[in-house]
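In what follows, every chain begins at residue 1, and chains take the letters A, B, ... in the order their sequences are listed.
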2 protein chains.
Amino acid sequence: MSVGIRHDDLRRRNRAMVISAVRRAGQPSRTEIAATTGLSHSTISAISSDLIQEGILSESKASEAVSLKRGRPQVGLALNPEAAAVLTVVLSLNFLSVAVIDYAGQVIAEEQRRLDTLTMPRDELIGECTAIVRRRLEDPDLDVQSIARIALAIQGITDSHARAMLWSPITPQTNIAFADILEGEFGIPATMENDCNMMAVALRWRDPDRYRDDFIAILLSHGIGMGLVLKGELFTGTHSSGGEFGHMIHRPGGALCRCGRRGCVEAYAGNYAIWRNARQLSENAEPVADVSDADMRALAARAREADGPEREAYRRAGEALGFGLGSLFALIDPAPVAMVGVSAGAFDLIEPALREAIAQTAGGQHSGSISFDTEPNELPLIREGCAMRALSFVDQEIFAPGIQAKPGKKDVA
Amino acid sequence: MSVGIRHDDLRRRNRAMVISAVRRAGQPSRTEIAATTGLSHSTISAISSDLIQEGILSESKASEAVSLKRGRPQVGLALNPEAAAVLTVVLSLNFLSVAVIDYAGQVIAEEQRRLDTLTMPRDELIGECTAIVRRRLEDPDLDVQSIARIALAIQGITDSHARAMLWSPITPQTNIAFADILEGEFGIPATMENDCNMMAVALRWRDPDRYRDDFIAILLSHGIGMGLVLKGELFTGTHSSGGEFGHMIHRPGGALCRCGRRGCVEAYAGNYAIWRNARQLSENAEPVADVSDADMRALAARAREADGPEREAYRRAGEALGFGLGSLFALIDPAPVAMVGVSAGAFDLIEPALREAIAQTAGGQHSGSISFDTEPNELPLIREGCAMRALSFVDQEIFAPGIQAKPGKKDVA
DNA sequence: CAGTATTTTTTCGAGGCTCGAAAAAATAGA
DNA sequence: TCTATTTTTTCGAGCCTCGAAAAAATACTG
């Protein structure tokens with residue numbers, strides 16, 4: 001339902017815009033902010049003076065760059081690190097990690113923990129998460145008044161409102177309302193995010209030139225995941241986090257996937273699938289629960305050495321990814337791709353077959369111009385994404401309160 | 001780049017919102033508008049009084065429903081049909097049709113014309129389009145001061161800014177900047193829309209209960225097209241109209257598609273593919289240029305009569321559509337589907353295999369709850385969609401001028 | 001049939017926001 | 001030290017929305 005703009009929304013939105021401009025630009029002057037937002041200098045002056053008084057921004061006296069121009073020097077505005085803090089929790093296969101981040105985005109505390117997620121009962125899994133959060137919150141060394149927000153990321157499917165984990169390969173448990181659980185336990189607003197979406201968010205902050213309005217982040221790990229940004233917004237499904245690239249159908253009735261179905265892209269390109277093919281096992285062979293990163297790297301090394309079943313396994317992975325991307329490109333058109341995760345380190349083995357496959361699809365006409373980046377380590381990306389997600393929430397919902405979640409929807413027609 | 005909200009945007013946006021509320025609701029009272037927009041009665045009163053004075057809205061004295069409540073009766077606001085007029089042009093295989101629509105959405109003039117689009121040279125094709133528009137504009141019977149907007153729809157791929165046709169199956173020509181051509185010729189703002197997108201727009205207006213925020217319109221015709229609405233907005237690709245569902249890959253290296261590639265969904269489910277399979281021709285056989293609707297209906301009749309190659313052809317079409325939808329659902333989650341076009345009339349033959357295929361995919365868990373509607377006639381839908389598209393432009397860009405195209409983009413993180 | 005209750009719509013003053021112009025502040029060059 | 005230049009703040013004007021109260025228009029009631 002479309003909703004009008006009230007008078008007081010105006011200030012709130014423009015406040016949010018100023019904060020966001022500072023977060024993006026680092027240390028912009030008031031004049032720069034006025035230029036990027038299109039608001040008048042008077043308005044920016046008024047808003048930033050408010051924000052400084054409230055302790056959200058601070059003037060960075062250190063005019064490092066010796067002013068080359070004459071005239072009154074610009075004074076940079078920066079986020080006040082002590083204005084708030086957020087907490088990120090990343091839950092992946094057999095691994096739980098948490099970090100406390102200050103308002104400026106610096107990690108100020110962290111803790112990591114190995115645990116056996118696959119066999120853990122429900123209560124224990126939840127208990128481990130709340131316990132690790134509690135330890136960070138109650139840490140006497142941490143001189144943070146309070147945590148404004150918790151962002152939790154998990155491998156798997158979450159709901160589109162970022163409240164619950166619906167399904168995850170790291171545990172047989174389903175439908176855990178992590179956001180509600182953490183909020184109930186600690187009284188801090190929380191969200192439950194999809195890991196690949198957080199990768200995409202992080203890439204956008206890391207390299208806004210390359211990853212701006214439209215790009216694809218694909219996780220090549222035990223499973224295949226995707227985070228998708230279209231028209232500058234994170235793409236989600238109608239009910240869930242969506243974007244389950246790994247479960248698009250590559251070959252109807254084909255190889256057995258970890259999800260129990262057949263012919264998914266993941267059943268050819270996931271670590272377990274590459275492993276299965278490298279060992280020349282049947283396509284019907286039950287997927288193994290886990291292949292260590294070291295084993296995968298060894299596999300890639302063998303594939304590079306000689307033209308054997310290992311190389312063929314990577315070729316098939318590339319083919320599946322290529323046809324999958326081709327179908328995806330038929331829907332969204334080609335866009336820059338970032339390959340993330342341990343098998344991104346073997347992208348040299350994957351790329352030829354991948355490009356050959358794409359060339360046979362709707363993406364084909366641009367197949368040469370599609371560029372792939374690789375980043376073998378997904379965990380730092382996921383954590384960064386969570387941090388930015390949580391901080392942006394603080395920027396917009398806490399420091400520019402009352403703003404409507406969605407600007408009045410425009411009509412389709 | 002995010003941009004601040006200026007003070008005068010406020011009025012403009014709220015004006016647009018009031019107009020849009022009236023277009024959607026038919027004849028809402030000021031009180032109803034205040035309720036749906038969340039704005040105060042005073043504001044609605046001021047804005048609607050402006051709009052009436054400007055001749056955009058009118059009070060519909062005819063308080064038809066004899067007021068059952070006591071108190072001052074509500075007075076409905078309606079769009080003034082004479083406030084503006086728009087023109088729609090629909091270009092499909094061998095067929096060109098144009099209509100003039102008043103501001104309230106009623107058709108006030110139309111013209112249709114058969115032509116041989118497949119063999120026509122570029123200039124002639126463009127010439128036919130401008131000529132038919134010119135005839136409507138210069139029609140002395142038409143007592144319309146001026147046309148405020150032209151919306152042109154074509155089967156095929158358009159660019160994401162709705163300016164040009166990039167590729168179309170109805171002509172060998174490519175990259176025709178129809179929007180610029182029409183604007184140059186007549187000095188009237190114009191857009192070049194994808195036909196399936198217009199179907200989706202029309203469905204949303206026809207049945208907003210079923211087709212609201214997330215749904216899929218699939219054209220089952222000579223080719224396979226799709227219009228997709230996600231989160232209340234029309235989905236487009238990063239460069240083109242996108243959503244080329246028909247060219248997702250069903251079987252790598254499979255049947256020959258009209259697009260020259262292999263294994264596309266369309267190569268199994270397009271009319272020419274059903275025709276090819278029904279005749280038991282090779283999958284490599286060159287697609288025929290056109291199959292008449294009558295021939296397709298006869299084919300469906302034979303398939304219903306006996307279990308022969310015709311029935312098998314529809315089964316294969318269903319299978320391809322099902323696996324395609326399965327892959328689509330992996331990305332966007334299941335959503336209501338409208339099947340449009342001549343082969344939607346044979347959906348009884350398609351549905352069983354389609355559902356069986358979906359059940360084997362990520363959409364499987366909800367396969368029972370996915371509902372399909374059918375609408376065998378795409379042309380009226382496309383025209384209606386164009387009309388609503390053009391009228392919405394007038395609502396927002398002309399009668400609420402200066403509004404920024406996009407509200408300041410929210411950050412991904 | 002006049003008076004009262006009820007609901008819708010308009011009017012009016014208050015408060016808040018952004019803007020442009022002008023003033024103030026802060027620096028580099030002359 | 002003075003001047004030119006650039007950034008930032010100040011201040012009044014002009015809009016816009018809002019709430020409260022008034023006005024308008026009808027149904028009920030005795």
dT8(D) P sits how many Å from R30(A) CZ, rounded? 6 Å
Q74(A) atom CD is separated from dT9(D) atom P, nearest whole Å, by 12 Å
Does atom CD of E54(A) have more than 12 heavy-atom neighbours from other groups under 6.0 Å away? yes
Could you go through I147(A) and V100(A), starting from their C-alpha distance and side-chain angles, then the distance that decides it, and tell me whether this counts as side-chain contact (heavy atoms from CB on, under 4.5 Å)? CA-CA 8 Å; I147(A) 300 291; V100(A) 180; 3.9 Å; yes
Please figure out whether I47(A) or S29(B) has its closest DNA chain C nucleotide nearer the 5' end. S29(B)
Return the 5'-most residue of the pair D8(A), S48(A) with respect to DNA chain D, ranking by each residue's nearest nucleotide. S48(A)
Expressed in angstrom and rounded to an integer, what is the separation of R13(A) atom CZ from dT18(C) atom C1'? 16 Å
Check the phosphate of dT17(D) against R11(B), side-chain N and O only, distance under 4.0 Å to OP1 or OP2. Yes or no? yes
Could you check how far CZ of R6(A) sits from P of dC17(C), rounded to whole Å? 14 Å
Interatomic distance where CZ belongs to R15(B) and C1' belongs to dC15(D) [whole Å]: 14 Å
Could you check whether H239(B) and H161(B) have their ring centres less than 6.0 Å apart? no
Test log, rule side-chain contact (heavy atoms from CB on, under 4.5 Å), inputs L228(B) and L234(B): CA-CA 6 Å; L228(B) 188 56; L234(B) 204 50; over 6 Å; no
Please list, pair by pair, any protein nitrogen or oxygen found under 3.5 Å from a nitrogen or oxygen in nucleotides 23-26 of chain C.
{"residue": "dA26(C)", "atom": "N3", "partner": "R72(A)", "partner atom": "N", "Å": "3.1"}

Looking only at heavy atoms, which two atoms of D102(B) and P81(B) are closest? And how far apart? CB-O, 3.5 Å
What is the separation between atom CD1 on I5(A) and atom C1' on dC15(D), rounded to the nearest whole Å? 15 Å
Nucleotide nearest L39(A) when distance is taken to its side chain, options dC19(C), dA5(C), dT8(D): dC19(C)
When you compare the protein's N or O atoms with those of nucleotides 10-14 of chain D, which come within less than 3.5 Å of each other, and at what distance?
{"residue": "dG14(D)", "atom": "N2", "partner": "H7(B)", "partner atom": "ND1", "Å": "3.3"}

Under 4.0 angstrom between N14(A) side-chain N/O and dT18(C) OP1 or OP2: yes
As a test of reading the structure: which of dC16(D), dA28(C), dT8(D) is closest to the side chain of T31(A), going by heavy atoms? dT8(D)
Taking the cut-offs as 6.0 angstrom to the six-membered ring centre and 45 degrees off its axis, would you call R204(A) and Y211(A) a cation-pi pair? no
Atom-to-atom span, CG of D50(B) to P of dC15(D) - whole angstrom: 13 Å
Between F399(B) and R12(B), is there a cation-pi geometry (under 6.0 Å to ring centre, at most 45° from the normal)? no
Side chains of N197(B) and T236(B): does their closest heavy-atom pair fall under 4.5 Å? yes
Using atom CZ of R70(A) as one end and atom C1' of dC2(D) as the other, report the distance to the nearest whole Å. 11 Å
Going by heavy atoms in the side chains, are I332(A) and F235(B) under 4.5 Å from each other? yes
